[in-house]
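The structure appears below as structure tokens.
What's counted below: heavy atoms across the whole structure, side chains too, no hydrogens, waters or symmetry copies.
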2 protein chains.
Amino acid sequence: MRKREGNKEQAILNAAIKVFAQHGYHRAKISSIADHASVATGSVYLYYKNKESILLTIFDQLWTELTDGLRIIVKRSDIDPSQKLDLVIDKLFDLFIANPALASVFVNEQHHLIKDKRGDIAKQYDDFLDLAEEIIREGVRKKIFNADVDIKIFRHFITGGIRSVLRQWSEHSQTLTLQRLRQNVKYFIKHGLL
Amino acid sequence: MRKREGNKEQAILNAAIKVFAQHGYHRAKISSIADHASVATGSVYLYYKNKESILLTIFDQLWTELTDGLRIIVKRSDIDPSQKLDLVIDKLFDLFIANPALASVFVNEQHHLIKDKRGDIAKQYDDFLDLAEEIIREGVRKKIFNADVDIKIFRHFITGGIRSVLRQWSEHSQTLTLQRLRQNVKYFIKHGLL
DNA sequence: ATGAATAATGAATCATTATTCAATAATAAT
DNA sequence: ATTATTATTGAATAATGATTCATTATTCAT
């Protein structure tokens, strides 16, 4: 028998994140992903059914990680909802500091997957938002947060805003520090413009 | 001589908006756009150089319209910056009420154009944001708006948030009324969560 | 009516790339 | 060392769909 050497599966995934980030999903070539992973073109198909399933796997892992982290934050009873919100934002930013290419894929490519029903990415995204919603509801219940905002709308607004800011950063990282971005987002969500 | 009958150019553009909205830019087929416009496949190329230039034209017209509208709002001296902000949001929402498919293309497809330098879509977007920034600056100067928010970051956050909310609406228009969306966005931008 | 002149057609072409698969290489078991 | 088994390769194939272009249709000027 022969064993698989190294971790080609992960190498291909990392390569795909890089290539998707640089060229966008549709322009990305399997052969280029294979090159980046130091693997033959055909080997990609030993580990992934097709191109789309690579993107699917990226988002699956990403949402799993984000949701697991969020679940822990939601449960905590030692901090108030406002602090929880800060931690969620930190979680997002930390992940993308560690992997800027992933940030770019995250902000730009998810809608390819949501339109088709294949995979459960849309569901995972909803689950994440549902969980985040609990923090807001806790805040409203404890009269810390403003009750006038529609939570369903709010949660989409926030995630969209954060995505947009991250996209900007992923394309012009020189002009903005993530640190500054992070502070501003936290502040703005709570206080608004007035 | 023979004249061009009807307005095929516009018919193709409208068809493209529909098809791009439904399938996304990359999955959209020229032949399908031609069908929707009741025109032969080849005719598309009488009016547009290639597929990308169709998308380019859509965004060019869109940003021109939005920027023209914004310019008028910015100039007004009879209303305060807070009201101006409301009008900008109204402007966006009105446009997309009139044409939901355009909203979907707007929120999902712009990044195809920004990465490449072809066309000046990125510049038009920047111009729009610069103009919007003037409203915020006016508000800060008049002490109506909070001076602690970084305007550059803020403007990306807002547009991203609005996009996200519109995307949600364009995919599930039954559950949310745009009216409600609009009010919430206006309120939230100003007051935040606390 | 006739014939330039231009518009429109859509099947054929071309280019691009995802995917396959026959051949080869590497490993483990005997 | 030999063989069986599985992994890997990358050139060949297949599929897709954008673009072209030879042909046909329509309009207008005379």
Side-chain angles (χ1 to χ4, degrees), chain A residues 1-60 105 108-109 112-113 115-116 118-119 121, chain B residues 1-59 105 108-109 111-113 115-116 118-119 121:
Chain A
M1 240 195 290
R2 185 187 177 188
K3 255 190 202 161
R4 291 183 169 180
E5 357 151 339
N7 191 343
K8 300 226 165 79
E9 186 170 348
Q10 192 60 43
I12 291 167
L13 209 65
N14 292 338
I17 290 170
K18 260 190 221 142
V19 178
F20 288 161
Q22 188 162 24
H23 303 289
Y25 174 73
H26 276 100
R27 284 193 228 278
K29 297 177 213 164
I30 296 289
S31 61
S32 165
I33 292 172
D35 284 353
H36 276 76
S38 304
V39 141
T41 303
S43 298
V44 172
Y45 290 85
L46 297 176
Y47 296 92
Y48 299 94
K49 191 171 141 287
N50 53 30
K51 187 177 174 182
E52 191 183 43
S53 82
I54 303 175
L55 188 59
L56 218 55
T57 304
I58 292 170
F59 274 97
D60 183 33
V105 176
N108 288 315
E109 312 297 345
H112 292 310
L113 298 176
K115 293 228 163 163
D116 325 329
R118 319 175 229 198
I121 298 304
Chain B
M1 240 195 291
R2 184 186 178 189
K3 252 190 202 163
R4 291 179 170 183
E5 0 153 335
N7 191 344
K8 300 228 167 77
E9 187 170 347
Q10 192 60 44
I12 291 167
L13 209 65
N14 292 338
I17 290 170
K18 262 190 220 141
V19 178
F20 288 161
Q22 188 162 23
H23 303 288
Y25 173 72
H26 275 100
R27 285 193 226 278
K29 296 177 212 163
I30 295 290
S31 60
S32 164
I33 292 172
D35 284 352
H36 276 76
S38 304
V39 140
T41 304
S43 299
V44 172
Y45 290 86
L46 295 176
Y47 297 92
Y48 299 93
K49 193 170 140 286
N50 53 30
K51 186 177 175 182
E52 191 183 42
S53 81
I54 303 176
L55 188 60
L56 218 55
T57 304
I58 292 169
F59 274 98
V105 176
N108 288 316
E109 311 299 345
H111 77 278
H112 292 309
L113 298 175
K115 290 225 166 169
D116 324 330
R118 318 174 231 198
I121 298 303

Under a cut-off of 3.5 Å for both distances of each Watson-Crick or G-U pair, what dot-bracket string does DNA chain C give, using [ ] for crossing pairs and | for inter-strand pairs?
||||||||||||||||||||||||||||||
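Residues Leu55(A) and Lys51(A) form no side-chain contact, since every pair of their non-hydrogen atoms from C-beta on lies 4.5 Å or further apart. In this structure, the side chains of Tyr48(A) and Leu13(A) come closer than 4.5 Å at one or more pairs of heavy atoms.
For the pair Arg27(B) CZ and dG17(D) C1', the computed distance is 14 Å after rounding to whole Å. Going from atom CG of Leu46(A) over to atom C1' of dA23(C) covers 14 Å, rounded to whole Å. Ile33(B) has its CD1 atom 8 Å from the P atom of dA18(D), to the nearest Å. Computed from coordinates, the Ile12(A) CD1 to dA7(D) C1' distance equals 12 Å when rounded to whole Å. Rounded to an integer number of Å, the gap from NZ of Lys49(B) to C1' of dT20(D) is 14 Å. What separates CG of Asn50(A) from P of dT19(C) is a distance of 5 Å, to the nearest Å. Rounding to whole angstrom units, CG of residue Leu55(A) and P of dA18(C) are separated by 13 Å. Atom CD1 of Ile30(B) and atom P of dA12(C) are 20 Å apart (whole Å).
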Assess whether side-chain contact (heavy atoms from CB on, under 4.5 Å) is satisfied between Tyr47(B) and Val39(B), documenting all intermediate values.
CA-CA 11 Å; Tyr47(B) 297 92; Val39(B) 140; over 6 Å; no
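Not one side-chain nitrogen or oxygen of Lys29(B) sits closer than 4.0 Å to the OP1 or OP2 atom of dT16(D). Proximity of Tyr47(B) to the phosphate of dA8(C): a side-chain N or O atom is located under 4.0 Å from OP1 or OP2.
Test Ile30(B), Ile33(B), Ile17(B), Asn7(B) against Ile12(B) for side chain to side chain contact (heavy atoms under 4.5 Å, CB included) and you get one pass: Ile33(B).
Of all heavy-atom pairs spanning His36(A) and Ala15(A), the tightest one is CB-CB, 3.6 Å. Nearest heavy atoms, Tyr45(B) versus Asn50(B): CE2-CA, 3.9 Å.
Counting only distance, with no hydrogens or angles, the side chain of Tyr25(B) and the backbone of Val105(B) share no donor-acceptor pair below 3.5 Å. In this structure, Lys8(A) contributes its side chain and Ala37(A) its backbone to no donor-acceptor pair below 3.5 Å.
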Any N/O pairs under 3.5 Å between the protein and nucleotides 10-14 of chain D? List them or say none.
from    : atom 1 : to       : atom 2 : distance (Å)
dG10(D) : N7     : Gly42(A) : N      : 3.1

